[in-house]
Amino acid sequence: MAVRVFLAAENFFRHLRAGLWVVGLVLAGAEAQVVPAVMTPSSAREEIAALRTEIARHDALYHRQAAPEISDGDYDALKRKLREWEQTFPEVAREVPVVAEVGDDRSGLFKTYRHRERMMSLEKAYTEAELRAFAARVAKATGRREVAFVVEPKFDGLAVSVTFEQGRLVRAVTRGNGVEGDDVTGHVLAITGLLRTLRVPEPGAGADVMPGVIEVRGEVYVPFAEFQRVNAEREAAGEVRFANPRNLAAGTLRQLDPAEVTRRGLAVVFYGIGACEPITAVPTTQRGLHGKIRAWGLPGVGEVWPGVGADALWRAVQAVEQARAGFAFPTDGAVVKVDELKWQRELGVGESAPRWAVAYKFAPERAETRLRAITLQVGRTGVLTPVAELEPVALAGSKVARATLHNRDEIARRDLRVGDFVYVEKAGEIIPALVGVNRARRPVEAVAFVFPTACPACGTALVQRTGEVAVRCPGAACPAQLRRRIEHFASKAGVDIEGLGPVMVEALVERGVVKELADLYRLRREDVAALGKNVSKSAERVLAAIETSKRAELARVLYGLGIPQVGAVAAKELARECGSLAAVVALGDAAAPAGASSAVRAAAAYFAEPRNRAVVAELVAVGLRPTVVDVEVGGRALAGKTFVLTGTLPTLSRAQATAKIEAAGGKVTGSVSARTDYVVAGTEAGVKREQARTLKVAVIDEAELLRMIAGK
Ligand code: IVH
């Protein structure tokens with residue numbers, strides 16, 4: 001490491017700060033950071049150019065591919081580092097070419113659309129001092145000391161601008177490069193509960209004028225509960241989990257099928273406006289605007305924290321940080337805005353951000369602790385997941401003792417040693433992530449982890465398929481895999497055998513009573529009783545539950561089998577499309593036809609394997625007879641047909657209509673495309689009816705739909 005040479009006395013403190021900060025990053029960052037050599041204008045040139053290139057790369061990963069490689073904290077650290085250099089060497093900063101437009105989320109997959117008013121980003125503040133500096137700038141520019149601010153949560157999702165014309169939703173566009181963005185109207189319309197028309201405010205409820213045109217600005221995000229549900233389903237289906245709710249939101253808006261937006265529970269919140277004609281249609285304060293947004297029936301910011309003057313502002317920001325643990329949505333900071341829209345206009349905008357607002361970024365909830373050991377978990381498909389066993393540490397309101405390490409390469413990439421001090425972070429995940437190693441505290445006795453070559457559960461030599469990071473146990477009789485398979489089969493979302501928990505499964509497998517799934521149905525009373533009262537309180541009850549599970553719904557059985565790529569939703573689709581277990585297994589006889597659903601393709605591939613068919617044959621031999629529901633109700637009159645619902649139907653709610661269509665074999669999606677067969681329109685049907693007309697898709701009413709379901 002080279003020696004630092006400070007240039008001039010007046011720059012000493014600034015450099016010192018930068019220096020300390022760089023050291024901080026070395027300690028806190030996931031990878032070793034190279035401390036810059038000598039701080040001279042020429043090293044500044046290299047540093048600024050390198051940082052700009054690196055930031056542009058991460059921008060592209062984040063915005064365009066929705067697949068970030070580094071945490072938000074590390075990204076912000078890069079930006080701050082660049083800013084330090086730019087401020088220290090402003091002339092050099094001007095000479096170095098700007099690499100690429102920062103923060104462009106256009107994906108190339110969608111039509112683009114120009115915003116009426118530019119969408120800006122926000123200046124960031126990381127410290128109390130930076131926040132107070134913002135308040136001071138506002139006070140100076142407005143000539144008042146006691147400026148009223150509002151503090152709102154900074155929602156962690158994707159910015160969108162939704163245009164309403166004469167109160168009707170006509171378009172939704174991502175931020176893009178600020179000037180134009182991706183047209184994601186169909187996707188945004190698929191958000192559950194979003195109204196297509198603005199509610200007309202009650203007379204006398206403030207400004208009653210309905211704007212002719214308004215761009216309402218907000219954030220598309222995924223609430224924690226939905227994030228956890230989606231990840232649990234993906235895990236069950238053997239798919240990769242989303243790292244955090246924002247990745248899930250961004251990834252879903254880039255999926256071509258808008259129905260995914262509904263399935264994955266995306267939500268939207270509106271916190272501001274762009275263009276608005278006439279401007280008298282909106283109140284004169286930010287707080288009033290929030291009220292108006294809600295009065296129109298749009299999802300608005302639920303709670304804001306007001307504060308007058310810099311001290312109150314800082315307290316309000318801290319209050320948001322306190323309240324944050326209770327939010328149902330992901331946040332990564334607090335947004336401070338000048339309350340009076342008049343002052344907002346007066347303050348105006350800078351190059352890429354307004355001067356009347358600032359985003360205060362919360363430090364990620366992170367803790368440092370010791371890595372005691374690395375253990376390996378064998379999943380039901382044989383994949384080995386290394387787990388970090390930690391010295392328990394308090395983090396974001398709970399005690400953390402374990403963190404996932406994802407796979408073998410991850411351990412090597414981080415050069416993780418048992419005995420190291422490590423950083424753990426919670427980013428909306430239930431399972432915390434290990435985000436870095438404190439190399440400076442590495443004890444001499446820390447030892448590298450040797451990944452085994454044989455399965456710790458059954459001793460079979462481990463394999464790694466080409467192109468995969470996962471290391472697997474191919475052992476057909478591996479007891480660890482069997483345990484996980486049984487747990488999954490018997491789980492709530494599976495055939496739901498109450499009383500058959502992990503402890504009992506382990507005991508049954510260990511004693512060799514259960515050697516395959518079908519053995520569950522061969523259990524005798526004495527087998528269960530022999531396990532003892534500690535394992536099973538009532539043998540009768542478990543055996544009765546096992547017996548009942550023979551008639552479990554087909555979709556649950558299909559889910560319980562653990563077919564890769566078949567989660568709870570896909571299992572329902574399969575059950576509906578095939579109608580019987582035999583028909584699903586028969587999919588394995590031939591390659592799935594082109595245009596088959598992904599669930600059908602996954603089942604076809606799975607049942608092409610004789611040993612998977614054998615598992616089902618055994619289960620049927622011991623009495624498994626899945627129940628098939630709904631298919632007979634109204635026949636399968638709508639089989640293969642795709643519907644889009646729009647507007648308010650006279651008698652059916654949206655959920656009821658969806659249930660009826662699905663029960664009759666049809667499918668409901670969120671937006672109109674060339675693949676839509678019918679648009680069912682009620683009153684106030686807006687854009688979708690027009691889209692149907694353009695695409696020449698038949699538009700029917702509720703009565704017609706009911707006739708079709710009845711097969712008339
Ligand atoms: S106001 C002109 N308010 O943060 C400024 N933005 O880093 C308009 N964001 O692009 C933004 N919560 O995507 C505002 N309560 C909030 C916000 C918020 C999240 C996002 C938004 C913006 C980004 C800036």
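Both ligands and their constituent atoms are indexed starting at 1 by order of listing.
- A salt bridge links Asp76 with Lys361: the closest approach of a Lys/Arg side-chain nitrogen to an acidic carboxylate oxygen falls below 4.0 angstrom.
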Pairs of donor and acceptor atoms involving the side chains of residues 349-360, under 3.5 Å and at least two apart or interchain, shall be tabulated with distances.
{"residue": "Arg355", "atom": "NH1", "partner": "Leu347", "partner atom": "O", "Å": "3.2"}
{"residue": "Arg355", "atom": "NH1", "partner": "Val349", "partner atom": "O", "Å": "3.3"}
{"residue": "Arg355", "atom": "NH2", "partner": "Val349", "partner atom": "O", "Å": "3.3"}

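- For residues 135-156, the set of pairs meeting the salt bridge (charged side-chain N to carboxylate O under 4.0 Å, His left out) definition, not counting sequence neighbours, comprises Glu152-Lys337, Lys154-Asp332, Asp156-Arg246.
- Using a cutoff of 4.0 Å between basic side-chain nitrogens and carboxylate oxygens, Glu84 and Lys81 are not scored as salt-bridged.
- The immediate protein surroundings of ligand 1, defined as residues with any heavy atom under 4.0 Å of it, consist of Met120, Leu122, Lys124, Glu152, Pro153, Lys154, Phe155, Ala159, Glu219, Tyr271, Val335, Lys337, Pro354.
- Residues that satisfy the side chain to side chain donor-acceptor pair (under 3.5 Å) test with Arg132, not counting sequence neighbours, are Glu128, Asp311.
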query: Does the pair Glu226 and Arg229 meet the rule for a salt bridge (charged side-chain N to carboxylate O under 4.0 Å, His left out), with working shown?
result: CA-CA 5 Å; Glu226 296 294 323; Arg229 177 185 61 82; 2.7 Å; yes
